[in-house]
Novice: 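Pasting a structure below so you can have a look.
Heads up: numbering here begins at 1 and tracks the sequence. Side chains included, hydrogens not; waters and symmetry mates left out as well; all remaining heavy atoms used.
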Amino acid sequence: EGQVVESGGGLVQAGGSLTLSCAASGFVFPDYVIAWFRQAPGKEREVVSYISSSDGRTYYADSVKGRFTISTNNAKNTVYLQMDSLQPEDTALYYCAVDITDTGTIYPSLYEYWGQGTQVTVSS
């Protein structure tokens, strides 16, 4: 089956920046959606952003619009999440997920493959 590996998390001060990377491999279908979710302690997992490998359509949660940017490499098998102006509220475990149906959704249950998570901590 497919494999998803994310990296790039770390500890930054408020106002700082981080770039997360997600590498997707071993998928049977060429088109899929790659999304970033995050989960803070005591809170439900929520979508941050996603991008479609087929047409490049994107989605951003209202809380990150204007601060985060999602993009892909030329092979469309690696997704980046550039995070600027980070706030303490952004502190969470960030997951990369893949939906091979290429529908594009904000719901975690619709994604078939998940990475191990990378921690982002923003201090005030």
Novice: Is there a path of hydrophobic side-chain contacts, each under 4.5 Å between heavy atoms, that joins W114 and L110?
Specialist: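 Per the 4.5 Å side-chain linkage, W114 and L110 are co-clustered.
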Novice: Looking only at side chains, do T103 and T101 share a donor and an acceptor under 3.5 Å apart?
Specialist: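 Yes, T101 and T103 have a side-chain donor paired with an acceptor closer than 3.5 Å.
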Novice: Answer yes or no: is there a side-chain heavy-atom contact under 4.5 Å between Y95 and R45?
Specialist: yes
Novice: Can you tell me if E6 uses its side chain to pair, donor with acceptor, with the backbone of G117 under 3.5 Å?
Specialist: yes
Novice: Mind listing the closest non-hydrogen atom pair of C22 and V4 along with its distance?
Specialist: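 Closest pair (atom of C22, atom of V4, distance): SG-CG1, 3.5 Å.
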Novice: When hydrophobic residues are tied together by side-chain contacts of less than 4.5 Å, even through go-betweens, does F68 share a cluster with V33?
Specialist: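 No, separate clusters.
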Novice: Once you round to the nearest 0.5 Å, how far does OH of Y94 lie from OG of S7?
Specialist: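 If we round to the nearest 0.5 Å, Y94:OH and S7:OG are 15.0 Å apart.
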Novice: Could you tell me whether the side chain of I34 reaches within less than 4.5 Å of the side chain of T72, counting heavy atoms only?
Specialist: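 Answer no - side chains too far apart.
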Novice: Step by step, would you call V98 with E112 a side-chain contact (heavy atoms from CB on, under 4.5 Å)?
Specialist: CA-CA 6 Å; V98 174; E112 298 88 1; 5.6 Å; no
Novice: Could you tell me whether the side chain of D99 reaches within less than 4.5 Å of the side chain of Y50, counting heavy atoms only?
Specialist: no
Novice: Can you tell if the side chain of V79 reaches within under 4.5 Å of the side chain of C96, non-hydrogen atoms only?
Specialist: no
Novice: Any heavy-atom pair between the side chains of V122 and E89 that's under 4.5 Å?
Specialist: no
Novice: So M83 and D90, do their side chains get closer than 4.5 Å, heavy atoms only?
Specialist: no
Novice: If every non-hydrogen atom of A61 is compared with every non-hydrogen atom of V47, which pair is closest and at what distance?
Specialist: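 Looking at all heavy atoms of both residues, the shortest contact is CB-O, 3.5 Å.
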Novice: Do the side chains of R38 and S63 get nearer than 4.5 Å, heavy atoms only?
Specialist: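 The answer is yes, as the side chains (C-beta and beyond) meet within the 4.5 Å cut-off.
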Novice: Would you indicate whether the side-chain heavy atoms of N77 and S25 approach each other to under 4.5 Å?
Specialist: no
Novice: Which distance, rounded to the nearest 0.5 Å, do you find between the CD1 of I70 and the CD of Q82?
Specialist: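 Between I70 CD1 and Q82 CD, I get 12.0 Å after rounding to 0.5 Å.
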Novice: Report yes or no: do S123 and Q13 form a side-chain donor-acceptor pair below 3.5 Å?
Specialist: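 The answer is no; no qualifying pair exists.
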Novice: Would you please indicate if the ring centroids of F37 and Y111 are separated by under 6.0 Å?
Specialist: yes
Novice: Could you tell me the separation between the CG atom of L81 and the OG1 atom of T19, rounded to the nearest 0.5 Å?
Specialist: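 These two atoms lie 8.0 Å from each other.
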Novice: Got a donor-acceptor contact below 3.5 angstrom from the S53 side chain to the Y32 backbone?
Specialist: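 Answer holds: yes.
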Novice: Group every Ile, Leu, Val, Met, Phe, Trp and Tyr by side-chain heavy-atom contacts under 4.5 Å, then state whether I51 and Y113 land in the same group.
Specialist: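 The answer is yes; both residues are in one hydrophobic cluster.
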Novice: Do R57 and S52 pair up side chain to side chain, a donor and an acceptor below 3.5 Å, judged on atom types alone?
Specialist: yes
Novice: For A14, does its backbone N or O pair with a side-chain atom of Q87 as donor and acceptor, under 3.5 Å?
Specialist: no
Novice: Can you tell which of Y59, Y60, W36 makes a side-chain contact (heavy atoms from CB on, under 4.5 Å) with V48?
Specialist: W36
Novice: Please give me the minimum heavy-atom distance between G9 and L18, naming the atom from each residue.
Specialist: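 Scanning both residues, the minimum pair turns out to be C-CD1, 4.4 Å.
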